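Both counts, for ligands and for their atoms, begin at 1 and track the order of listing. Please read these numbers as outputs of a predicted model, since none were measured by experiment. Numbers for residues simply follow the sequence, beginning at 1.
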Amino acid sequence: MDFAYDDQNIFAKILRGEIPNATVFENDHALAFRDLYPQAPVHVLVIPKGPYMSLDHFARDASADEQVGFMQAVAEVCRLEGVEAGFRAVANTREDGVQEVPHYHLHILAGRNLGPMLTR
Ligand code: AMP
């Protein structure tokens with residue numbers, strides 16, 4: 001699989017500071033910020049700082065430090081947002097996953113009952 005990364009995507013621009021974001025948490029390897037069009041009371045995107053276009057790209061090529069740093073950011077977002085009642089983590093990927101932004105991001109959705117996983 002050839003994971004071609006386009007550094008003109010909107011999340012790359014956020015990482016370069018070219019576009020503002022509502023940061024929830026940041027560490028050396030990840031940035032978490034509020035989704036511009038929230039679909040739940042809590043809707044945070046966690047992205048790696050490295051150039052990875054998808055979850056499978058990140059899982060294959062990111063270093064152990066990057067992967068640990070990313071998951072620590074997920075843990076911090078869950079703690080900060082108070083998701084004791086539960087949450088959903090979603091990684092839309094490529095065409096069939098209806099991924100709009102080609103920089104890996106994990107949606108963290110919470111704050112209400114999110115219903116069935118998929119609807120047709
Ligand atoms: P996906 O379909 O998984 O690629 O979702 C991309 C998400 O990025 C959508 O939920 C958008 O609302 C969100 N989004 C797009 N532009 C921005 C932005 N500038 N700041 C925060 N969220 C954004």
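- Residues lining ligand 1 at a heavy-atom distance below 4.0 Å are given as I10, F11, I14, F33, R34, D35, L36, Y37, L45, N92, V98, Q99, E100, V101, H105, H107, ordered by chain and residue number.
- Within the structure, every pair that satisfies the side-chain hydrogen bond (donor to acceptor under 3.5 Å, both in side chains) test and touches residues 80-90, not counting sequence neighbours, is listed here: R34-E81.
- For H43, the side-chain hydrogen bond (donor to acceptor under 3.5 Å, both in side chains) partners two or more places apart in sequence, or in a different chain, are D35, H107.
- Applying the side-chain contact (heavy atoms from CB on, under 4.5 Å) test between F87 and each of I108, L114, L109 identifies I108 as the sole match.
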Next item on the list: Might you work through the ring pair (Phe, Tyr, Trp, His ring centres under 6.0 Å) test for H29 and F70, ending with a clear yes or no?
Entry: CA-CA 6 Å; H29 297 296; F70 182 87; over 10 Å; no
Next item on the list: For D56 and S54, run side chain to side chain donor-acceptor pair (under 3.5 Å): C-alpha distance rounded to whole Å, both residues' side-chain angles, the deciding distance at 0.1 Å, then the answer.
Entry: CA-CA 5 Å; D56 50 350; S54 59; 2.5 Å; yes
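- The salt bridge (charged side-chain N to carboxylate O under 4.0 Å, His left out) test applied to K13 returns no partner, not counting sequence neighbours.
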